[in-house]
2 protein chains.
Amino acid sequence: MTTIYDIAKKTGFSITTVSRALNNYTDVSKTTKKIILDAVTEMGYYPNSSARSLTTKKSWTLGVIFVEDLGIGMKHPFFSAVIESFKQNAEAQGYDIIFLSRNVGGEEKSYLDHASHRGVDGIIIMCSDHKDKEVQQLIESPFPTVVVDLHSDQSSVVYSDNFRGSMLAVDHLVELGHRNIAHIKGHDTTYAGLERLRGFRAAMEKHSLSIPSSYIVDGGFFSVDGGYLAMKELLQLNEHRPTAVFVAGDNMALGALKACKESGITVPDDLSIVGFDDIEVGQHITPTLTTIHQDTDLIGKKASEVLIQQINTRSNEYAAVTIPVKLIVRESTKAIS
Amino acid sequence: MTTIYDIAKKTGFSITTVSRALNNYTDVSKTTKKIILDAVTEMGYYPNSSARSLTTKKSWTLGVIFVEDLGIGMKHPFFSAVIESFKQNAEAQGYDIIFLSRNVGGEEKSYLDHASHRGVDGIIIMCSDHKDKEVQQLIESPFPTVVVDLHSDQSSVVYSDNFRGSMLAVDHLVELGHRNIAHIKGHDTTYAGLERLRGFRAAMEKHSLSIPSSYIVDGGFFSVDGGYLAMKELLQLNEHRPTAVFVAGDNMALGALKACKESGITVPDDLSIVGFDDIEVGQHITPTLTTIHQDTDLIGKKASEVLIQQINTRSNEYAAVTIPVKLIVRESTKAIS
DNA sequence: CTGAAAGCGCTTACAG
DNA sequence: CTGAAAGCGCTTACAG
């Protein structure tokens, strides 16, 4: 491995000057700089990030927390899309991302341990459960953090306009003539679930529509199975079945669709369904899914901007960014006949 | 930030002894160890990974290369599933993963630059294009590497038994009475595409079935759109249309299904389709997709084992692990009538 | 069982 | 415009 000393020896300059040339200091003569840079290329020198981090206290590394309630981790379509965008933007700013976990080398560690050990410059938190203690601990720590899809007063936050998304969904359904609208909600410990439920209630009230208590069913943590089970429950309301269901997540909508299919209910002829997320699959299933689009690219981009900004300014001011959503009408909703 | 010096000062021992206690050296007295560990907990001390890496030349970091031919990165269902499993296993062994990219802070860098800069201990390469020069450069470098879904003589490799998968698919179709079987192949620069094609040809030959040249269509880089276009082409073979199509990837199969739907072809009544991968979506679409299951968990697990083994032994021997596949029969295939 | 000292590869005042 | 020196937080021979 070639070091800064090798370059110094080869070029005859001191390591101080080599370091300066490498870091684009202005007070290095053009000729010197060229000689050094040529040697760098020739010898295949790469600055050692550990040594640099040790002196500068900056790791150029961003921690990612992915709470895996569902055990699917990166397979989660929404979070993985956000992370991809976050990663691209962070990289463009020179940051690498590293996943923070609780299990390092078989030992139980906290996220804070892990983040401190690696000396990350900031952390993005993506998790559904806002009550997680470890996550809370991190938010309260001195690490700059940005939280996606969750609200906090002690951290910057970025999330979709969940409330408005629900309004859009209900408006669409009402426009199609539906009045008996049910809701499969996300779990109460999730911010997105809560907000979407709140939006649903507000929208129904706006249209002077009442909501029988049996019309709100818990679909859990946004999984296909959760949606399936919840829809089964709704389908048992024989006498007074809803004509439309607003499902708080596309994965759950997938499960709901499956339940309908099994019960011989045709969507959208017998029942209209609108989801939330706009995961890619929604375009490929039959019927294609009407849903609320979340702009994952923008969420990831904003999250990285907000976080890096916070790192650079070392400010204690937290940003709260709301990302607009939009309704995507496809085949799973239909005017009531 | 508390350091080893703070612990030393507080406990009255030297930093040498503190370091030893921290690293579970046996030659530290029980009492001493306890005193030190208690101080560690009390003061909230976390060893600094940069300092440690600098002295030990080991970063406990594994690089991940994700070539994004499709620009979807982590959203790729197959690779993201493999990576999730890889990550979990690597973490259990004490390694963190870091994504290697070509663009660091706006400057064009090679993967090798990035890997050298971060001093990763090993690298997992997941990319479809086996001709990529940068990837080739990495494989030839001294870094321990493991390659997924690609063959190389200069690196350990882990991949599904693609050849066998194609055999299973064709056998299944033949058993159902199909004789006119077409193939939507993956791009020729991809190892998986090539192997699956080879398996398809061998299987057809085994059954003494001929393959008209028009029956093999290039679906490109395993995207939904590529499959859609390829299927459109097959559907134009009016007179001599195949009764079944073996598609080299599930995403492409999704596109193929869409093309059929648009053209009024009912799957499986008019045409049987079998995919490859077993992505989760396949279970939720209509019809559900018959496919070849790839064991992404095992692929990721084996990849991490092979890589870590190579790191530990510093051997130059490369492992080649083939992961078994299996046929999953669902609704998209049917006996010919 | 414990400690003093050197060294890992860098950056950054300080001095000239 | 350039260099000598100190220091970042660890680990590891070496010595006792």
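Below, chains carry the letters A, B, ... as their sequence lines are ordered, and counting in each starts from 1.
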Step-by-step side-chain contact (heavy atoms from CB on, under 4.5 Å) determination, B:Thr145 to B:Tyr318: CA-CA 9 Å; B:Thr145 53; B:Tyr318 304 125; 5.9 Å; no
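Of the candidates C:dG9, C:dT11, C:dT2, the closest approach to any side-chain atom of A:Ala51 belongs to C:dG9. Each of D:dC1, D:dC8, D:dC10 was ranked by its minimum atom distance to the side chain of A:Leu54; first place goes to D:dC8.
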Secondary-structure notation, DNA chain D, from Watson-Crick and G-U pairs under 3.5 angstrom (| other strand): |||.||||||||.|||
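No donor-acceptor contact under 3.5 angstrom links the side chains of A:Ser304 and A:Gln93, judged on distance only. Checked by atom type, the side-chain pair B:Ser14/B:Thr17 shows a donor-acceptor distance below 3.5 Å. Counted by atom type alone, A:Glu134 and A:Ser110 present zero donor-acceptor pairs between their side chains at under 3.5 Å. Judged purely by distance below 3.5 Å, without hydrogens or angles, the side chains of A:Lys33 and A:Asn24 pair a donor atom with an acceptor atom.
For the pair A:Phe13 CZ and D:dT2 P, the computed distance is 5 Å after rounding to whole Å. Taking atom CZ of A:Arg52 as the reference point, atom C1' of D:dC10 lies 20 Å away to the nearest angstrom. Atom NZ of B:Lys34 and atom C1' of C:dC1 are 19 Å apart (whole Å). In this entry the distance linking CD1 of B:Ile15 with P of C:dC1 reads 21 Å, nearest Å. Across the protein-nucleic acid pair, A:Lys9 atom NZ and C:dC10 atom C1' stand 17 Å apart, rounded to whole Å. What separates CG of B:Leu22 from P of D:dG9 is a distance of 15 Å, to the nearest Å.
Contact check, A:Ser19 against C:dT11: a side-chain N or O comes under 4.0 Å of OP1 or OP2. Regarding contacts with the backbone of C:dC8, every side-chain N or O of B:Thr55 stays at 4.0 angstrom or more from both OP1 and OP2. In this structure, B:Lys57 does not reach the D:dT11 phosphate: none of its side-chain N or O atoms is under 4.0 Å from OP1 or OP2.
A:Tyr5 comes within 4.0 angstrom of a nucleotide base, judged by non-hydrogen atoms across all strands.
Checked against a 6.0 Å centroid threshold, the rings of A:Phe221 and A:His187 count as neighbours.
Both B:Arg20 and A:Asn48 lie close to DNA chain C; mapped to their nearest nucleotides by heavy-atom distance, the more 5′-ward contact belongs to B:Arg20.
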